[in-house]
Amino acid sequence: MAGSKSGEQPGKINSRLENLRNLAPAERLGRVIEATSLGDTERAAFSPGTLPLELANGMIENVIGTFELPVGVATNFTVNGRDYLIPMAVEEPSVVAAASYMARIVRKCGGFQTSSSAPIMRAQVQVLGVTDVHGARARVLRERDAILEAANAKDKVLISLGGGCRDVEVHVFEDTPVGPMMAVHLIVDVRDAMGANTVNTMAETVAPLIEKITGGEVRLRILSNYADLRIARAMVRVTPEALKTDEYSGERIARGIVEACAFAIVDPYRAATHNKGIMNGIDPVVVATGNDWRAIEAGAHVWASRSGRYTSLTNWEIDGKGNLVGTIEMPMALGLVGGATKTHPAARAALKILGVQSAQELAEVTVAVGLAQNMGALRALATEGIQKGHMALHARNIAIVAGATGDEIEKVAAALAADHDVRVDRAKEVLEKLRS
Ligand code: COA
């Protein structure tokens with residue numbers, strides 16, 4: 001039996017929903033609605049949109065429905081002389097606007113220039129119980145060819161596409177809480193895949209051979225999300241002329257961006273927010289294309305700490321001619337084949353909008369978006385402040401929360417933005433006035 005009509009908070013519930021796994025999604029949703037005493041509004045909130053329930057049910061476990069996010073398209077991007085429209089799935093206002101705005105400035109100055117390494121991932125095989133870890137390391141490296149052969153024996157498709165296990169590294173930890181430890185790394189070219197499944201399978205395949213060579217016991221066999229060999233880079237060079245606004249000179253804006261970046265370079269408190277702003281651009285592209293945003297986040301932040309101190313993922317400087325030069329370089333483990341990229345209809349459509357031909361091209365465009373996003377946030381922060389643009393766009397959200405519908409949304413949002421007072425209670429007042 002469905003509970004209340006809508007909206008009430010569930011009281012005390014029993015989370016032991018036995019046999020949920022064996023039900024159809026609609027039945028599961030019924031059980032959850034019943035257990036939480038929620039109602040028709042919540043039932044409808046999980047209704048599938050473009051992702052059919054059947055497909056969703058095949059993607060993860062205990063599916064009860066789907067969850068939608070807005071998809072916006074950032075405009076104006078030119079990367080390596082080619083124009084791109086950028087699909088971004090994100091809930092935060094002003095992200096798409098800021099990326100489009102910066103891309104408009106950058107395109108006047110030749111656009112984004114990018115490059116990337118080959119799509120190389122690492123798998124780790126943890127080895128315990130070896131006392132002569134350095135000797136075992138030497139033995140593993142001597143057997144490199146045999147390990148590569150074993151790793152490459154299974155995935156014929158990857159080999160035929162020019163990928164495969166390329167090398168072996170051995171990392172030695174003489175002293176850990178459980179004694180000496182080794183990590184044998186497989187260095188794998190995964191071509192257009194994100195690569196997790198590929199390298200995990202390879203790691204599991206070579207494990208018995210590693211045990212034989214080292215005399216130890218293998219435990220973990222899994223990829224590393226620190227994809228430090230799968231790097232994408234982007235660069236912009238922007239003239240002061242292209243940067244200037246009615247209120248600020250281009251030189252002032254360029255200097256402000258460089259100073260803002262310097263803050264993130266030296267201070268981890270600032271770097272966390274600075275890099276979050278970069279991920280504001282990157283994650284929405286990763287999500288829209290059906291890629292694994294947790295993997296991208298994990299890799300980004302370890303990379304940002306690689307010197308031993310957490311710091312900025314970007315650099316901003318002024319060149320000899322007074323131009324603002326921005327660069328970004330970071331791991332970018334994105335795929336075009338496999339996973340949700342291929343199964344989710346919206347991800348497939350997003351990839352068509354992007355028109356990228358390889359995972360490397362996708363990685364390069366994605367970091368260009370991250371650089372644009374960083375530039376947008378730093379420009380606003382170093383001049384008028386973030387709240388002006390962000391809150392003006394956030395005002396629409398607040399208007400909706402206050403109950404505005406149809407034409408009322410823009411009217412209430414405009415009134416809130418004009419007063420620089422973007423709060424729900426104020427929005428309710430404006431709405432009441434409007435309606436009376
Ligand atoms: N929708 C889509 N694009 C928008 C937009 C909107 N509502 N508002 C601005 N833009 C983009 C467009 O590309 C526009 O140029 P175009 O229409 O010729 O393509 C460009 O920005 C400049 O438009 P303008 O109206 O002059 O922008 P603005 O000076 O009022 O700036 C912001 C508005 C939001 C772009 C700006 O304040 C900003 O970048 N703020 C920082 C936001 C941020 O970093 N947010 C991250 C989370 S806090």
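Whatever order the structure lists ligands and atoms in, that order sets their numbers, starting from 1.
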> Just let me know how Leu393 lines up against ligand 1, side chain, backbone, both or neither, with a heavy-atom cut-off below 4.0 Å.
side chain
> Measuring to protein heavy atoms, does anything land under 4.0 Å from atom 46 (C) of ligand 1?
yes
> Can you list the ligand 1 atoms lying under 4.0 Å from a non-hydrogen atom of Ser100?
13 (O)
> Look at atom 37 (O) of ligand 1 and say which protein heavy atom is nearest, naming residue and atom and giving the distance to 0.1 Å.
Gly389 CA, 3.2 Å
> Just to verify, what does Glu204 make a salt bridge (charged side-chain N to carboxylate O under 4.0 Å, His left out) with, not counting sequence neighbours?
none
> Please state which part of Ala377 comes within less than 4.0 Å of ligand 1, counting heavy atoms only: side chain, backbone, both or neither.
both
> Among His390, Arg104, Gln373, Met375, which residue places a heavy atom closest to atom 15 (O) of ligand 1?
Arg104
> What protein heavy atom lies closest to atom 35 (C) of ligand 1? Include the residue and the distance to one decimal.
Tyr101 CD2, 3.6 Å
> Measure the distance from atom 38 (C) of ligand 1 to every protein heavy atom, then report the residue, atom name and distance (to 0.1 Å) of the closest one.
Arg379 NH2, 3.8 Å
> Under a 4.0 Å threshold between the charged nitrogen and the carboxylate oxygen, would Glu364 count as salt-bridged to Arg233?
no
> Can you tell me the protein heavy atom closest to atom 19 (O) of ligand 1 and the distance?
Asn76 ND2, 3.6 Å
> Look at atom 41 (C) of ligand 1 and say which protein heavy atom is nearest, naming residue and atom and giving the distance to 0.1 Å.
Ala380 CB, 3.7 Å
> Less than 6.0 angstrom from the centroid, inside 45 degrees of the normal: does Arg82 satisfy that with respect to the ring of Tyr84?
yes
> Strictly inside 4.0 angstrom of atom 13 (O) of ligand 1, do you find any protein heavy atom?
yes
> Assess the side chains of His274 and Thr314: does a donor N or O sit below 3.5 Å from an acceptor N or O?
yes
> Between the side chains of Thr78 and Asp83, does any donor sit under 3.5 Å from an acceptor?
yes
> Identify the closest protein heavy atom to atom 39 (O) of ligand 1: which residue and atom is it, and at what distance?
Ala98 CB, 3.4 Å
> Nearest to atom 4 (C) of ligand 1, what protein heavy atom do you find, and at what distance?
Ala97 CB, 3.5 Å
> At what distance is the nearest protein heavy atom to atom 43 (C) of ligand 1, and which residue and atom is it?
Ser94 OG, 3.6 Å
> Taking only Lys NZ, Arg NE, NH1 and NH2, and the carboxylate oxygens of Asp or Glu, determine whether Glu241 and Lys244 approach each other closer than 4.0 Å.
yes
> Are Asn200 and Asn197 close enough that a side-chain donor and a side-chain acceptor fall under 3.5 Å?
no
> Quick check on side-chain contact (heavy atoms from CB on, under 4.5 Å): which of Met202, Met194, Gln124 does Leu223 satisfy it with?
Met194
> Between Glu384 and Arg379 (salt bridge meaning N to carboxylate O under 4.0 Å), is one present in this structure?
yes
> Under 4.0 Å between a Lys/Arg side-chain N and an Asp/Glu carboxylate O for Asp319 and Lys321?
no
> Answer with side chain, backbone, both or neither: which part of Lys388 has a heavy atom less than 4.0 angstrom from an atom of ligand 1?
neither
